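Got a structure for you, questions after.
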Amino acid sequence: MTCDPRVLRRPLLVGLIPAVWTVLLGLWGLSRQNSVWRDEAATWQVARRSTGDIVRMLEHVDVVHSLYYLCMHGLFAGFGPSTTVLRLPSVLAVAAAAACVALIGHRLAGAYVGLGAGLALGLLPAVQFYLQEGRPYALVAAGSAASTLLLVNALRGRGRKRTWAAYACAVLVCGWLNWLALLILPAHLITLLWSRAPRGVRVRWAVAAGAATAGVLPLALFSLDQSGQVSWVPPLTWHMMIGPAILLAIGGLGGLLGRRTGTGTAPGTGMGAASRTDRTGRADRTDPADRAGRPGSAGTVEPAGPAAGSPSVAAVGLPLLAVPQLGLITLSLVKPLFVDRYILFSLLGLALLIGALIGRAVDEVARRSRPAARCVLPVLVAVALVALLPQSLAKRSPASRVDDVLAAAERTRQLKHDGDGVLFIPAARRDTWLVTPDAFTGTRDIALAETPEESGTLKGVEASPARVRAAMLAQRRILLVTDATGVARPTRGRRDRTKAEVLASHFTLVSDERIRGRRVAVYERLAPAGGG
């Protein structure tokens, strides 16, 4: 299998091939054996609410994901709740991001760099994880890729008003999906400065970036009142810096070794000089995407490099990788926020730099054998796919997530009796009922005072400890849904302590099962002392 030179003549195929490849990776094991973990359960249960209930909830919690929840509500309303509807938007979003990355690489350094970058994105372990995640992070990556492609187009002399308007809209949508996506703006600013963009381009970027920031600012400010939602994020430690350090080292190596990509002249590689000179001495600024694959004198594929004035792959990829990582680390010194999924879009830069490395490898091989150069990319992709296969399989198993809401709900369905009381410790484990309410038919949530819809919350409002105690003592049989030991430490508030104490002193454990990170236990009331 070799890379057909005809692909190099069609920029559309350079974007389409990575998109299709990524969709195939995403559809592989999409249901994860029909499992849904706690973060996805939040999406699932909110998406099933009415628009009014969602808006009321956003006043108290999760406003940072408001646009995503409303979009998922529309999809659930139109197609019904399922793991496919939950995760397919992420699959399609990463596929769109792969296409954009491929086009960026193609326009900056040739078809092999573009194809390599686009195909590499879907194979990155972190991307494979969120490729099948019912949360907004993949959508942020897609918008970030689109905004970067628009920026590259503008830097290459295609900065019309509609280009900058589209850029502002892409950044705005990303910010409304997660306002930390605005960290892409300083990355793009560094690209502008690195590329020595003309003053006019810098001014237009500043206007577009300012408009997008102004549109996101109200959301960011309002979400500060809900900062308790990220109280679980641990303070920054040196141990947490290992991952970013490795990524930055790989990115730096890619930028260093791939810096000459696009300057070679080896026919058939899809690389080439940055500009050409016609007979009058003027630079030929033909789009490399249009030159790619133009037959040369020997009938080979003529090189396709970046147009004059274009940024280098390093000038785009390195800031895109490094700035969000370093920016989030800096923010985390003030308020703990360092979670890799918040800046998943930074891996777009890593994919571009990997593409540059692949382009350099193709150039080196092409100097010795043009036919062999066409095999480099397919061989590298095949080797990477095989090497990453254990990780790919692991990320598609239920064990890749901390727990499984659907498995706990199904076990409850099997264990329940009509009239049973149900308890959740902590209250957040009520998502088991909220995602699959039919599994709890015939039972009663004995601690619940206000439903999530009534209270405008994710988990509802529970009664006072005294009322919870009284409700428990009125039950003959109670089902408990909680975290399995070692998975998560439950929040031991007064209500949770009351639940545990009453179960221990007035009930006996008759069934206790741990299934995929959750625990489903059945308790029966002890006979009164001295009773017949």
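Predicted model only: the values in this text are computed from it and were never measured.
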Q: Identify the heavy atoms of Val36 and Ala41 that sit nearest to each other, and give their distance.
A: CG1-N, 3.7 Å
Q: Classify the ring geometry between Tyr137 and His65 as parallel (under 30°), tilted (30 to 60°) or perpendicular (over 60°).
A: perpendicular
(Q) With side chain to side chain donor-acceptor pair (under 3.5 Å) as the criterion, how do Trp37 and Glu133 come out once you've worked through the C-alpha distance, each side chain's angles and the decisive distance to 0.1 Å? (A) CA-CA 9 Å; Trp37 79 294; Glu133 184 87 347; 2.8 Å; yes
Q: Can you see which heavy atom on Val520 is nearest to which on Ala408, and at what distance?
A: CG2-O, 3.8 Å
Q | Pair Glu501 + Arg469: basic N to acidic O under 4.0 Å | A | no
Q) Do side-chain atoms of Gln45 reach the backbone of Lys459 as a donor and acceptor pair under 3.5 angstrom? A) no
Q.
Tell me the closest heavy-atom pair linking Ser455 and Val461, and the distance in Å.
A. CB-CG2, 3.5 Å
(Q) Could you check whether Arg516 pairs with Glu410 (Lys NZ or Arg NE/NH1/NH2 to Asp/Glu carboxylate O, under 4.0 Å)? (A) no
Q: Mind telling me whether Trp44 and Phe76 have parallel, tilted or perpendicular rings, with 30° and 60° as the class edges?
A: perpendicular
Q) Which residue, Leu151, Thr213, Leu185, forms the side chain to side chain contact (heavy atoms under 4.5 Å, CB included) with Val171? A) Leu185
Q) Distance-only, no hydrogens or angles: does the Arg495 side chain make a donor-acceptor pair with backbone N or O of Ala463 under 3.5 Å? A) yes
Q) Is any side-chain heavy atom of His73 closer than 4.5 Å to a side-chain heavy atom of Val46? A) no
Q: Compare every heavy atom of Val140 with every heavy atom of Ala181, then report the nearest pair and how far apart it is.
A: CB-CG1, 3.6 Å
Q.
For Arg514, I'd like to know if atom CZ has over 12 heavy atoms of other residues, nucleotides or ligands within 6.0 Å.
A. yes
Q) Around Arg160, counting heavy atoms of other residues, nucleotides and ligands shown, do more than 12 lie under 6.0 Å from its CZ? A) no
Q. Salt bridge or not for Glu462 and Arg430, using N-O below 4.0 Å?
A. yes
Q) Counting distance only, does the side-chain N/O of Arg518 pair as donor-acceptor with the main-chain N or O of Val405 below 3.5 Å? A) no
Q: Mind jotting down which residue pairs meet the side chain to side chain donor-acceptor pair (under 3.5 Å) criterion with at least one end in residues 233-247? Sequence neighbours excluded, please.
A: none
